[in-house]
Structures are given as C-alpha cells and as structure tokens.
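Below is one structure, written out as structure tokens; the observations come after it.
Everything numeric here is computed off the predicted structure, so don't read it as measured data. First the proteins, then the strands, lettered A, B, ... as listed; each starts at 1.
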2 protein chains.
Amino acid sequence: MLRMSRNLNYAKPWAVTTQRELILDILQEAGAHIDAKEVYRRANERDPRISIATVYRSLRLFKETGLIDERRLGQMRCCYEIKRRGEHHHLICRGCGRIVEVEGPLIQQLVMQLQRENRFHVTKAELCLEGYCEACEENQR
Amino acid sequence: MLRMSRNLNYAKPWAVTTQRELILDILQEAGAHIDAKEVYRRANERDPRISIATVYRSLRLFKETGLIDERRLGQMRCCYEIKRRGEHHHLICRGCGRIVEVEGPLIQQLVMQLQRENRFHVTKAELCLEGYCEACEENQR
DNA sequence: ATAGGTGCAAATGGTTTGCGAAAAC
DNA sequence: GTTTTCGCAAACCATTTGCACCTAT
C-alpha cells in the first residue's frame, strides 16, 4: 500500500488510507464515467463497513488534488474519472445510454480560439453531446 | 392574455394560465441564464401566492414542449432560457460569475464532424467553458 | 498527545409528488 | 361535468456536515 502523502494543488498532504485506496482502485478499474452511487456500491461489496460519506469525501479530495475529473453527462448525472492525458469529450446516446468518447485537435483549436477572442483564461472545457446512435436511431421508427 | 393552447412536441395541449404566463414573462425578461430559484423569487414578488412546485412544473412543461432550453453552467447550477435562433454556448468566469455567450460557425462544424465520424444523430450539443475573465485573472495575484 | 480520517445519523438543498381545492375547458 | 392546474406539505434523492470514536504519527 502506498504510504507517502502527496502534495499537488491541495494545501495539505493527505494519507492514502485503505478506504481511499479502495476507491481509487475502483475508479481505476472503471476507467471512466462512474458516478458516486456506483462507486459506493462497488466499494461496499469489498468493504461493507465503508460509508457513503467517505466515498463523497474521497471523491472531493481526489477532485481537488486533480487526480480525477468530475463531469456531467446526460441529464443530470455527475460522473468521475481518473484524469488522463489528452482532452476528450462525451457523446451520450439517449436511447441506450452508451457513451462514446471523442477527441481530436479541432476541439482544442476551438477552445483556444474562444479563449483568445474573449480574453478569457479557460481552465475547464466540457463538450457534451446528446443524441442517438445508429442502432437507436433506427429503432426509433 | 394568450388564450389558446399549444401543441408542439408535447402530447397534450396545455392551457396558458396566469401562472404560466407570469413565468414565461420572467424568462422572457431575463433573456437567459436564470435558474429555478431565481424564477421563483421573481414570480413570488409579483404573485406571492405562487408555489415553487408550479415553477418547477412549468419549467418542465416548457422544456418538454421545446419553448425553453435547460443548460448546466458552472458547477452544478441548472439554468433555463427561452429558445432562440442560433446555437450559442457559455463561458463562465469562476471569479465573478459573469457569463459570456459565444457562438460561431466553428462549433457547428465541429459538431457536424463528430456526428459524421461517430455515426450519431446529435440532438443537443453543449459546450461549457470555465475559467477566469481578464479582470479576475489579474486579481488572482 | 495531536492531527487527520472514518462511520453514523442528522441536516441540507434542490426537485418531485400526492392530494384536495380551484380554475379552465 | 370532466379534465387540468394549483398550492401546500410531505417525500425524495444526492450530497454535506457534526460529532464521537478510531488510527497513525
């Protein structure tokens, strides 16, 4: 188990406890797009004593230290994912709920341009697309 | 006062009651980016008997009939605005909360391209940018 | 011994719902 | 006279917080 404490953006160092490690593992395994409730569900499977409060506290901590990203997909769900290299965005199917990740230089360029045009320093860019995938589009009729 | 009932995407026609009219007026006057709480606050000023439930029910109705758009800005706030011509997106300042609207052909193009590449029929595209405006960027130090 | 982390239960805040009364058709 | 809408209060759900206990320095 990791023993050291870390210091990123966060003011104070923090300990990697067994609970936090478990939650990190779950986020790692999930890869992407997992919400708090599901994190709790899976954590609870492996450690029935863990509390939902701990899950929320950990997610907040990880978010603040920059370990994970928080995103909003679809209607209202709030999802978390381990931070990765390379911006990517999401396309969510209203039919089957499938989530497709998209990336590419155009998004970056677009953000850069908007930044310049509006004299803004952009710290977070989120493009969220909803629609229907090929299969669901056909089923619609 | 409008008296007719309307029929857009929504299955059943619905009446334009005084409450709904009031809420529509408020949305109209606000122009954009107003959340449920603020709609209620203003509605309550003019008609102290109106209930928050009516506000939520009306917002949902308007959204479903396509009269207004629901968007998520910044952290978690859910905002509403009368539907307008021309896509536009939002840039929100984490410092002062100011919201800048941006538009332009590049966003459209980007969405079109992603649509093609992923064989998706996109029904809703939302680009949400967070950052710091010029003034707040300087104040930061 | 002290600071930080956890579990529990209660609090919070935003949104929705059940229901009887009122209004619209 | 039916159907829809409203106001109210209660319910709901996700998230946060206060607090006593626990754990690792």
Side-chain angles (χ1 to χ4, degrees), chain A residues 1-8 10-24 26 33-65 67-68 70-80, chain B residues 1-8 10-24 26 33-65 67-68 70-80:
Chain A
M1 143 152 107
L2 289 176
R3 178 125 321 284
M4 50 161 313
S5 47
R6 312 177 185 212
N7 218 332
L8 303 173
Y10 200 60
K12 300 181 185 174
W14 48 275
V16 179
T17 61
T18 47
Q19 290 93 331
R20 289 177 178 168
E21 205 195 5
L22 172 56
I23 293 168
L24 269 176
I26 288 166
H33 327 129
I34 186 169
D35 63 15
K37 195 166 67 174
E38 179 63 14
V39 171
Y40 174 64
R41 205 190 56 71
R42 297 192 198 179
N44 204 52
E45 268 176 17
R46 300 200 221 166
D47 171 8
R49 312 202 25 141
I50 205 170
S51 136
I52 185 89
T54 300
V55 170
Y56 278 107
R57 282 192 276 239
S58 300
L59 288 174
R60 183 136 66 118
L61 174 64
F62 297 159
K63 182 174 51 160
E64 282 171 0
T65 56
L67 264 179
I68 63 175
E70 179 188 56
R71 323 209 33 168
R72 281 175 294 293
L73 301 185
Q75 306 305 0
M76 198 123 312
R77 294 163 45 204
C78 217
C79 290
Y80 299 87
Chain B
M1 143 152 105
L2 289 174
R3 176 124 324 283
M4 51 161 311
S5 46
R6 311 175 186 215
N7 218 334
L8 302 172
Y10 200 60
K12 301 180 184 175
W14 48 274
V16 179
T17 61
T18 47
Q19 291 91 333
R20 288 177 179 168
E21 208 197 1
L22 172 56
I23 292 168
L24 269 177
I26 287 167
H33 328 127
I34 186 169
D35 62 16
K37 196 166 67 174
E38 180 62 13
V39 171
Y40 173 64
R41 204 188 57 70
R42 298 192 197 178
N44 203 53
E45 267 176 16
R46 301 199 220 165
D47 172 7
R49 312 203 26 144
I50 206 170
S51 136
I52 185 91
T54 300
V55 170
Y56 277 107
R57 282 192 276 239
S58 301
L59 289 173
R60 183 137 67 120
L61 174 64
F62 298 160
K63 182 175 52 163
E64 281 169 2
T65 56
L67 265 179
I68 63 175
E70 180 188 57
R71 322 209 32 170
R72 281 176 293 295
L73 300 185
Q75 306 303 0
M76 198 122 315
R77 293 162 47 204
C78 219
C79 290
Y80 299 87

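Of all the residues in residues 36-46 of chain B, A36(B), K37(B) reach under 4.0 Å from DNA chain C with at least one non-hydrogen atom. Within residues 50-57 of chain B, the residues approached by DNA chain D to less than 4.0 Å at the level of any non-hydrogen atom are I50(B), S51(B), A53(B), T54(B), R57(B), in residue-number order.
Here dA23(C) presents its P atom at 17 Å from CG of L22(B), a figure rounded to the nearest Å. Rounded to whole angstrom, the span from the CD atom of E21(B) across to the C1' atom of dC6(D) amounts to 16 Å. One can place CG of L59(B) at 14 Å from P of dT17(C), the figure rounded to the nearest angstrom. Atom CG of D35(B) and atom P of dG14(C) are 9 Å apart (whole Å). Taking atom CH2 of W14(A) as the reference point, atom C1' of dT23(D) lies 17 Å away to the nearest angstrom. Here the P atom of nucleotide dT6(C) and the CZ atom of R60(A) are 13 Å apart, to the nearest Å.
For R20(A) (side chain) and A15(A) (main-chain N/O), a donor-acceptor pair under 3.5 Å exists by modelled atom type.
Sorted by first and then second residue, the side chain to side chain donor-acceptor pair (under 3.5 Å) pairs involving residues 45-57 of chain B (not counting sequence neighbours) are E29(B)-R46(B), R41(B)-E45(B).
Here Q19(B) reaches the OP1 or OP2 of dG7(D): one of its side-chain N or O atoms lies under 4.0 Å away. Close to dT23(D), at under 4.0 Å from its OP1 or OP2, lies no side-chain N or O of T17(A). Considering only side-chain N and O atoms, R49(A) lies nowhere under 4.0 angstrom from the phosphate OP1 or OP2 of dC22(D).
Atoms CD1 and CG, from I52(B) and N44(B) in turn, are 8.5 Å apart once rounded to the nearest 0.5 Å.
Residues meeting the side-chain contact (heavy atoms from CB on, under 4.5 Å) test with I34(B), sequence neighbours left out: I26(B), L27(B), A30(B), E38(B), V39(B), R42(B). With sequence neighbours excluded, no residue forms a salt bridge (Lys or Arg N to Asp or Glu O under 4.0 Å) with R60(B). Applying the ring pair (Phe, Tyr, Trp, His ring centres under 6.0 Å) rule to F62(B) yields the partners W14(B); only residues at least two apart in sequence or on another chain are considered.
When every heavy atom of I50(B) is checked against every heavy atom of Y40(B), the shortest pair comes out as O-CE1, 3.6 Å. Taking every heavy atom of both residues into account, L59(A) and A36(A) meet most closely at CD1-CB, 3.8 Å. When every heavy atom of I23(A) is checked against every heavy atom of S58(A), the shortest pair comes out as CD1-OG, 3.5 Å.
Heavy-atom distances to DNA chain D give each of P48(B) and R20(B) a nearest nucleotide, and the one nearer the 5′ end belongs to R20(B).
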